[in-house]
Amino acid sequence: MYTHEDLARLQAQSLKMQGHIRRQTFSPENTKTLRRFSSWEVSELILGVNQSTFRGRLAADPSLPMGEVEPDGRQRWFSLDEIGELRRRLKVNRRSLLPARPAGKRAFRTAVANFKGGAGKSTVALHFAHAAALDGYRVLAVDFDPQATLSHAMGLTDVSEEFTVWGIMARDLIRETDRMNDGAVGAASGTALPRRQIPASIRDMGLDGLRHGDFVKPTCWPTIDVVPSCANAAFVEFASAQYRHLNPEWSFFAAVSRWLDALGDDDYDVVVFDCPPAIGYQSMNAVFAADMLYVPSGPGYWEYDSTTSFIGQLAEALEDLANGFDGTFPAGKVALPKSFADIRFLMTRYEPGNDLHRAMFEAFRKVFGDHLTQHPIEMTRAVEQSGRFLSSVYEIDYREMTRETWRRARASFDRAYGEFRDAMLTAWDRI
Ligand SMILES: Nc1ncnc2c1ncn2[C@@H]1O[C@H](COP(=O)(O)OP(=O)(O)OP(=O)(O)O)[C@@H](O)[C@H]1O
Ligand SMILES: [Mg+2]
């Protein structure tokens, strides 16, 4: 017979191996770094400018960032900061190279969600974040998943739970409860709400003293920040149920949304949520905060099946939330109606030569119509790079693999991102 002690022993062994792999694989600093981008990539793939035009501009203005030439190479290699400066300073045919953004709007929020495990959520969230940053947007990625795939991929591994979305939720509980209690004192009419107590065990965690920005961590991408997650945050699902009991009037599902509302409108352009493979307290906080829902799904029949039940259950959960009373989903007392500016379905791990995949794509198209993106993300070996830090195709140096493999993979993610950006720009005007 086996118990938790056996599981703990197996984990200890596994951690030892993990440490060994880390020491073998990574630099002594154990930190993720971002590579430079070649002038070919910068001109044609990032800025969308003809290569010789780009070279001509650099030659004509020595005050522009020049990148670095590798000892044995001919190309110049630019950092993302340099690319940002080029984007701000260059105009091509009097056209600005800055990315489109509706004036006077806050950042646009997209939740990548599906309760099917392995649907490609983290891969899509990571690649959209990177593609958007290369496109000139300032990005905030929020990891709602205690598996912390996105956080690890972004290079954040030593995170403690108070700095995850759980910390945001618990801090929100304290603040909202204090606000309600103050309101209760202020209301002289006698119709005041009962005062709610927050136990010392929660107060003493020091969350209330945290600043808004304390939850945001920088990454090796200078224009991408992350609200990370960590394995310890897994207990959030249990803690949330308890917290909501402490203050039933607290609109728990709006906690992260409230935190995002308090960001400056101009702090970020694109906010991406990576959701856990479940419909629960964390994923519903993400969904509630989102302007657009992006549902990735693999190309198999079971994945289609699972995606179908996901949207059914999500519909029920959102209905319960809108009505504000316990139906199938423990929605709580506060009515929180939710609408999205767009809902998109995206097929992932697609093989164009596979008849079954093509048939499934057609089936998706029949069912979801225009909600299905035109370009599935293709199955590619390029994203399976192992190691402590997962890398996106944008991060992998194309010289590390067959140029054609890299280009095909990148082109597939670029098309998917292009559709994402178009949908975002249309929906952005609606919020
Ligand atoms: N386009 C692709 N080509 C090849 N492999 C892919 C592709 N997209 C995802 N994968 C692989 O599929 C696996 C699952 O992907 P991912 O982690 O993105 O899914 P997920 O939905 O976030 O999973 P979870 O539900 O566990 O959070 C990973 O090993 C990933 O490398
Ligand atoms: Mg994931």
Side-chain angles (χ1 to χ4, degrees), residues 110-131 141-154 156-157 159 164-165 226-231 233-234 236-237 272-280 282-284 286-287 293-300 302-307 309-311 313-314 344-354 357 360-361 373 375-396 401-402 404-420:
T110 302
V112 183
N114 191 336
F115 72 8
K116 175 83 181 143
K121 296 177 288 295
S122 302
T123 305
V124 168
L126 181 72
H127 283 78
F128 282 2
H130 289 170
V142 187
D143 193 349
F144 283 82
D145 186 357
Q147 295 181 91
T149 313
L150 187 72
S151 306
H152 293 172
M154 292 279 186
L156 284 135
T157 48
V159 175
T164 67
V165 284
V226 180
V227 177
S229 189
C230 66
V236 179
E237 291 296 320
V272 185
F273 307 145
D274 186 23
C275 296
I279 293 187
Q282 297 183 76
S283 54
M284 286 307 286
V287 163
L293 194 59
Y294 237 78
V295 185
S297 172
W302 297 114
E303 294 167 289
Y304 167 74
D305 224 33
S306 189
T307 299
S309 35
F310 168 65
I311 53 176
Q313 294 195 25
L314 187 60
R344 316 287 304 154
F345 294 85
L346 167 64
M347 190 173 277
T348 58
R349 278 187 281 103
Y350 178 78
E351 293 165 26
N354 184 319
H357 291 187
M360 285 313 298
F361 187 74
T373 66
H375 302 287
I377 290 178
E378 288 179 21
M379 180 78 184
T380 168
R381 302 236 20 222
V383 299
E384 287 166 36
Q385 286 266 122
S386 59
R388 181 181 178 198
F389 301 120
L390 291 139
S391 297
S392 74
V393 296
Y394 299 104
E395 292 178 306
I396 298 168
M401 57 177 68
T402 328
E404 203 36 48
T405 306
W406 183 85
R407 278 202 79 144
R408 272 201 30 223
R410 180 171 168 150
S412 180
F413 281 103
D414 281 351
R415 284 191 295 269
Y417 167 73
E419 275 190 80
F420 163 77

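Predicted model only: the values in this text are computed from it and were never measured. In each ligand, atom 1 is the first atom listed, and ligand 1 is the first ligand listed.
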Checklist outcome for this item: Ordered by chain then number, the protein residues lying under 4.0 Å from ligand 1 by heavy atom are K116, G117, G118, A119, G120, K121, S122, T123, D145, Q147, P277, R349, I377, E378, M379, T380, V383, E384
Checklist entry - What residues, two or more places apart in sequence or in another chain, satisfy salt bridge (Lys or Arg N to Asp or Glu O under 4.0 Å) together with R408? => result E378
Checklist entry - Of all the atoms in S122, is at least one N, O or S atom closer to the Mg ion (ligand 2) than 2.8 Å? => result yes
Checklist entry - Mind checking whether F128 and Y294 have ring centres under 6.0 Å apart? => result yes
Item to check | H152 side, atom NE2; S229 side, atom OG - distance, nearest 0.5 Å | outcome: 8.5 Å
Checklist entry - In Å, rounded to the nearest 0.5 Å, how long is the span from SG of C230 to CG of D145? => result 11.5 Å
Checklist outcome for this item: CD1 of I377 to NE2 of H127, rounded to nearest 0.5 Å, is 7.5 Å
Checklist entry - Is it true that atom CZ of R407 has more than 12 heavy atoms of other residues, nucleotides or ligands lying nearer than 6.0 Å? => result no
